[in-house]
2 protein chains.
Amino acid sequence: MTSTLGFAILAVLARGERTGYDIAASMRRPLSYFWTAGHSQIHTELQKLLAEGLVSYETEAGPGPQDKKIYRLTGEGTAALRGWITDPPRERPERDELVLKTYAAALADPAALRRLFADQLAKHEARLAEYEREEEAIGGPPGFGDPRWGNYAALRCGLGYERHRAEWCRWMLDQLSESL
Amino acid sequence: MTSTLGFAILAVLARGERTGYDIAASMRRPLSYFWTAGHSQIHTELQKLLAEGLVSYETEAGPGPQDKKIYRLTGEGTAALRGWITDPPRERPERDELVLKTYAAALADPAALRRLFADQLAKHEARLAEYEREEEAIGGPPGFGDPRWGNYAALRCGLGYERHRAEWCRWMLDQLSESL
DNA sequence: CGGAACTATGTCAGTTCTGACATAGTGTCC
DNA sequence: GGACACTATGTCAGAACTGACATAGTTCCG
């Protein structure tokens with residue numbers, strides 16, 4: 001029973017061999033906008049994947065007291081990942097602290113609420129600008145089959161999300177200014 | 001140190017007194033689209049909130065072996081909730097299994113991917129239709145101060161989210177049909 | 001009249017995730 | 001020459017969450 005985190009690691013390794021450190025770096029907040037994990041989680045998960053035979057590694061001399069371990073997918077690992085991709089996703093519960101705050105907002109100070117949503121809007125706009133730069137760098141959808149297609153499709157989702165979110169924040173600020 | 005779940009419960013109790021069961025019902029998947037919790041989590045959290053003096057309860061004869069407990073906010077509870085609303089939200093990690101699958105999609109069978117995204121699109125369209133019915137039922141933004149304002153604002157976020165998501169699914173299906 | 005669904009409480013084991021602690025070499029900046 | 005960041009591994013305690021188990025009265029449908 002590989003967890004979703006396990007498949008996230010397999011998905012990263014499908015792009016090429018990596019150390020645990022590399023995987024952690026690519027799944028670090030807030031860099032990765034669709035899956036995050038700390039290095040402690042990744043090291044323990046890699047040990048499970050190894051026990052299940054989904055990954056293997058080669059050692060190299062590393063900086064610390066332990067050797068560096070370079071992980072790669074096994075044939076079994078690739079097959080497991082391929083099968084999982086088209087399995088229906090198990091529904092993760094929506095848990096959105098900002099919307100929860102909004103739900104209870106009638107109790108709060110309107111001026112503080114305006115600050116809250118202005119901050120959020122700024123964050124979403126900054127991330128949107130960053131994604132737009134990334135989109136420009138790719139320059140349009142690569143063909144399906146190109147591994148960068150996955151990056152582009154995920155980026156596309158992020159763009160839509162940030163636009164939706166920014167628009168909602170603007171609507172909120174609009175509502176709040178009407179209550180003056 | 002009240003957890004976000006604790007504040008979610010306080011936010012529900014701000015609408016009126018409830019039993020643990022009622023709170024669980026209003027936070028049940030997939031009904032609540034911005035915070036979910038099982039009843040087991042809620043009962044333990046209510047005990048913590050009680051120990052902190054943020055909620056109180058009165059007993060009434062209940063159906064089961066235990067008495068029914070009707071919870072309400074204390075003055076301290078209301079104050080804690082009010083303060084929390086305008087605190088900056090602590091960033092919850094984005095974890096999106098569907099986008100993760102998309103990221104690795106180059107490995108998968110395109111026909112199965114089309115089925116996956118067609119299913120997801122149908123789900124988002126169904127939820128969108130439901131939210132649109134709810135919006136019509138409210139009939140436009142209530143004034144700020146009206147407790148239903150919170151419901152409307154949260155609904156508004158849900159509407160935007162489902163639209164963004166459905167559009168992305170449509171784009172994905174478009175991309176996948178091009179790869180025939 | 002039996003069975004299912006609903007109301008209502010709670011426990012518990014197991015999984016997942018977070019954040020701190022621990023170790024250690026190399027390179028960079030002041 | 002010292003401080004800090006980066007590379008690289010790992011452990012561990014505790015919080016948060018899930019899903020099953022346990023109990024028991026009422027109400028509704030067939």
Side-chain angles (χ1 to χ4, degrees), chain A residues 1-9 12 17-32 34-52 55 57-71 90-97 100, chain B residues 1-9 12 17-32 34-52 55 57-71 90-97 100:
Chain A
M1 278 309 294
T2 306
S3 68
T4 307
L5 171 62
F7 287 112
I9 292 172
V12 171
E17 49 181 44
R18 303 279 149 92
T19 64
Y21 182 84
D22 291 333
I23 298 169
S26 67
M27 285 168 69
R28 190 164 41 203
R29 239 182 305 188
L31 232 154
S32 174
F34 54 92
W35 209 270
T36 44
H39 81 275
S40 62
Q41 230 184 323
I42 285 162
H43 283 299
T44 49
E45 191 66 33
L46 277 170
Q47 283 163 30
K48 284 185 211 165
L49 294 173
L50 196 64
E52 292 173 271
V55 299
Y57 68 84
E58 273 171 29
T59 50
E60 250 180 43
Q66 277 95 16
D67 276 347
K68 184 154 96 166
K69 296 177 181 175
I70 300 160
Y71 289 90
R90 62 175 186 131
E91 309 229 9
R92 287 221 144 216
E94 294 288 342
R95 286 205 181 91
D96 192 320
E97 197 171 316
L100 180 59
Chain B
M1 277 307 293
T2 306
S3 67
T4 307
L5 171 62
F7 287 112
I9 292 172
V12 171
E17 49 180 46
R18 301 280 149 90
T19 64
Y21 181 85
D22 291 332
I23 298 167
S26 67
M27 285 169 68
R28 190 163 41 202
R29 237 182 305 187
L31 233 154
S32 175
F34 54 90
W35 208 268
T36 45
H39 81 275
S40 61
Q41 230 184 322
I42 286 162
H43 284 298
T44 49
E45 190 66 32
L46 276 169
Q47 284 163 29
K48 283 185 212 164
L49 294 173
L50 195 64
E52 292 174 89
V55 299
Y57 68 86
E58 272 169 31
T59 50
E60 248 180 45
Q66 276 96 15
D67 276 346
K68 184 155 97 167
K69 296 178 181 173
I70 299 160
Y71 290 90
R90 61 175 187 131
E91 309 229 8
R92 287 221 142 215
E94 294 289 341
R95 285 202 181 94
D96 192 321
E97 196 172 316
L100 180 58

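Being a predicted model, the structure only gives us computed values, none of them experimental. Proteins get letters first, then strands, A, B, ... in listed order; numbering begins at 1 in each. Side chains are part of it too, since the values below use all heavy atoms of this structure and drop only hydrogens, waters and symmetry mates.
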Asker: Whole Å only: how far is the CD atom of B:Glu94 from the P atom of C:dT18?
Answerer: 12 Å
Asker: Let me know the distance between CD of B:Gln66 and C1' of C:dT11, rounded to the nearest Å.
Answerer: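 After rounding, the gap between these two atoms is 10 Å.
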Asker: Whole angstroms only, please: what is the NZ-P distance between B:Lys48 and D:dG14?
Answerer: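 Rounding to the nearest Å, NZ of B:Lys48 and P of D:dG14 are 14 Å apart.
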Asker: Got B:Gln41 and B:Leu5 here, is their nearest side-chain heavy-atom distance under 4.5 Å?
Answerer: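 Yes, close enough: below the 4.5 Å cut-off.
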Asker: Do the side-chain N or O atoms of B:Arg95 get closer than 4.0 angstrom to the phosphate oxygens (OP1, OP2) of D:dC17?
Answerer: no
Asker: Base, sugar-phosphate alone, or nothing: which one does A:Gln47 contact when heavy atoms must sit under 4.0 Å apart?
Answerer: sugar-phosphate
Asker: So B:Tyr71 and B:Thr19, do their side chains get closer than 4.5 Å, heavy atoms only?
Answerer: no
Asker: Determine: side-chain N/O of A:Lys69 to OP1/OP2 of D:dG10, distance under 4.0 Å, yes or no.
Answerer: yes
Asker: State, yes or no, whether a side-chain contact exists between A:Arg28 and A:Thr36 at a heavy-atom distance under 4.5 Å.
Answerer: no
Asker: Measure from CD1 on A:Ile23 to C1' on D:dT7 and round the result to the nearest Å.
Answerer: 15 Å
Asker: At less than 3.5 Å, do the side-chain atoms of A:Ser40 and the base atoms of D:dG10 form a donor-acceptor pair?
Answerer: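 Side chain to base: no pair present.
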Asker: Please give, in whole Å, the distance from C:dA8 P to B:Glu58 CD?
Answerer: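 Interatomic distance, CD of B:Glu58 to P of C:dA8: 15 Å.
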Asker: When you get a sec, tell me which of C:dT16, C:dT9, D:dG10 is the closest nucleotide to the side chain of A:Tyr71?
Answerer: D:dG10
Asker: Both B:Thr19 and B:Pro93 contact DNA chain C. Which one's nearest nucleotide lies toward the 5' end?
Answerer: B:Thr19
Asker: Is B:Gln41 close enough to D:dC17 that one of its side-chain N or O atoms is under 4.0 Å from OP1 or OP2 there?
Answerer: yes
Asker: Of all the choices, C:dA8, D:dC17, C:dG10, which nucleotide is nearest to the side chain of B:His43 once you look at every atom?
Answerer: C:dG10
Asker: Just the rounded figure in Å: distance from P of C:dA8 to CD1 of B:Ile70.
Answerer: 8 Å
Asker: Round to the nearest Å and state the distance from B:Lys68 atom NZ to C:dG10 atom P.
Answerer: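 Rounded to the whole Å, the gap is 13 Å.
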Asker: Could you go through the side-chain contact (heavy atoms from CB on, under 4.5 Å) check for B:Phe34 and A:Glu94 one step at a time?
Answerer: CA-CA 5 Å; B:Phe34 54 90; A:Glu94 294 288 342; 5.8 Å; no
Asker: I want to verify a distance call: between C:dT9, C:dA20, D:dA8, whose nearest atom is closest to the B:His39 side chain?
Answerer: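 Of the candidates, C:dT9 comes closest.
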Asker: Mind calculating the distance between CD1 (B:Ile42) and C1' (C:dA8) to the nearest angstrom?
Answerer: 13 Å
Asker: At under 4.0 Å between heavy atoms, what does B:Arg18 touch on the DNA or RNA strands: base, sugar-phosphate, or nothing?
Answerer: nothing
Asker: Among A:Val55, A:Val12, A:Ile70, whose side chain to side chain contact (heavy atoms under 4.5 Å, CB included) with A:Arg18 holds?
Answerer: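 Among A:Val55, A:Val12, A:Ile70, the one meeting side chain to side chain contact (heavy atoms under 4.5 Å, CB included) with A:Arg18 is A:Val12.
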Asker: With nearest nucleotide decided by heavy atoms, which residue, B:Arg90 or A:Glu45, maps closer to the 5′ end of DNA chain C?
Answerer: A:Glu45
Asker: Tell me which nucleotide among D:dA8, C:dT9, C:dC17 gets nearest to the side chain of A:Tyr21.
Answerer: D:dA8
